[in-house]
Participant: 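Structure incoming, see below.
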Amino acid sequence: INVIAPPADDLGIISIASTSAGCNLGMEAVTVQIKNYGAATQTSFDAVYTLNGTPVTETVTGSVNAGDTLTYTFTALANMATVGNYAIDAWTALVGDVNNLNDSANGFTTEHYANPMVDLGADTALCEGTSITLDAGAGYTYAWTTGGTTQTITETMTSLGGAGAHNVGVTITDNTTSCIASDTIEVTYNANPMVDLGADTNICDNDVLVLDAGTGNYTYNWSTGATTQQINIDTLMIGAAGSFLTVTVEITDNATGCM
């Protein structure tokens with residue numbers, strides 16, 4: 001039986017570890033397990049990793065005894081900030097290593113997934129009585145701040161809690177990668193202005209009825225064609241005795257556009 005002694009100098013990398021595939025990757029650590037196959041303790045030797053073929057070489061200053069392993073994390077981080085696939089290979093570069101066949105470990109792969117995109121649009125102002133439909137895009141799981149879980153939601157001034165500014169947000173999750181994205185829109189609801197011309201009334205011949213649509217920063221549009229806050233109604237406008245005249249007014253709040 002021939003017993004062959006191990007060579008003095010024989011190092012190799014037996015495993016590579018880095019970040020798992022996921023979202024929002026950036027500068028990621030690369031860690032290797034180094035095995036001393038030789039008979040001599042090794043100190044201050046080079047280790048190399050490549051990220052998609054681009055090499056990084058560092059000097060390992062720790063010691064690894066014969067038959068032992070050493071965990072080494074490279075100080076130079078791997079730049080995985082761009083969405084895509086990444087492959088890492090690594091090896092030792094020991095001067096005098098007599099067996100290069102066990103120097104390297106290859107084939108660690110990972111992927112930087114793209115986050116989904118969601119855009120609820122620009123902040124908006126609406127008037128009482130209108131609704132807004134928000135769409136977070138097709139193909140995801142949805143979590144709205146209003147409690148909705150569908151792709152689209154429709155909200156009104158009542159459902160959002162009354163007049164004023166309301167933030168409505170959504171978080172979407174890609175069901176394949178579990179990556180998420182969020183967006184928020186501010187929806188401001190303005191109350192409509194109030195106008196009351198009073199109850200239907202009768203007037204006598206030669207009387208004048210004053211109708212007042214209310215004071216404010218309003219624009220007035222009367223059915224008679226007038227555009228003032230107040231108008232006078234007389235019997236000449238109504239016609240013969242027993243006739244009637246329907247008068248309406250539309251007021252528009254000049255600050256909000258609501259009417």
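For the numbers below, each heavy atom of this structure counts, side chains included, while hydrogens, waters and symmetry mates do not.
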Participant: Sequence neighbours left out, what pairs pass side chain to side chain donor-acceptor pair (under 3.5 Å) with at least one residue falling in residues 72-87?
Facilitator: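 Output for this query lists T31-T73, E58-Y72, E58-T75.
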Participant: Taking only residues at least two apart or on different chains, which pairs with a member in residues 113-129 satisfy side chain to side chain donor-acceptor pair (under 3.5 Å)?
Facilitator: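 Pairs touching residues 113-129 that pass the test: N24-N115.
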Participant: Looking at CG of L197 and OG1 of T201, how far apart are the two atoms once the value is rounded to the nearest 0.5 Å?
Facilitator: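 Taking CG in L197 and OG1 in T201, the distance rounds to 12.0 Å.
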Participant: What pairs of residues pass the disulfide (SG to SG under 2.5 Å) test when at least one of them lies in residues 40-132, not counting sequence neighbours?
Facilitator: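 Qualifying pairs, neighbours excluded: C127-C258.
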Participant: Take a 6.0 Å sphere around CG of D207 and say whether it holds more than 12 heavy atoms from other residues, nucleotides or ligands.
Facilitator: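 Above 12, so yes.
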Participant: Count the heavy atoms belonging to other residues, nucleotides or ligands that lie under 6.0 Å from CG of N217, then report whether that count exceeds 12.
Facilitator: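 Counting neighbours around CG of N217, more than 12 heavy atoms of other residues, nucleotides or ligands fall under 6.0 Å, so yes.
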Participant: Between atom CD of Q229 and atom OG1 of T215, what is the distance when rounded to the nearest 0.5 Å?
Facilitator: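 The OG1 atom of T215 is 3.5 Å from CD of Q229, to the nearest 0.5 Å.
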Participant: Mind jotting down which residue pairs meet the disulfide (SG to SG under 2.5 Å) criterion with at least one end in residues 21-126? Sequence neighbours excluded, please.
Facilitator: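 Listed once each, the pairs are C23-C179.
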Participant: Going by distance alone, is a donor N or O of one side chain under 3.5 Å from an acceptor N or O of the other, for T156 and S131?
Facilitator: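 Short answer, no.
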Participant: Report, one line per pair, each donor and acceptor closer than 3.5 Å where one atom sits in a side chain of residues 7-16; sequence neighbours left out.
Facilitator:
unit_1 : atom_1 : unit_2 : atom_2 : d
D9     : OD1    : Q42    : NE2    : 2.7
D10    : OD1    : N102   : ND2    : 3.4
D10    : OD2    : N102   : ND2    : 3.2

Participant: Might you point out which heavy atoms bring W144 and T150 nearest each other, and give the distance in Å?
Facilitator: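 What the structure gives for the nearest pair is NE1-O, 2.7 Å.
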Participant: If you link I, L, V, M, F, W and Y whenever their side-chain heavy atoms are under 4.5 Å apart, who else ends up in the same group as L77?
Facilitator: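 L77 clusters with M27.
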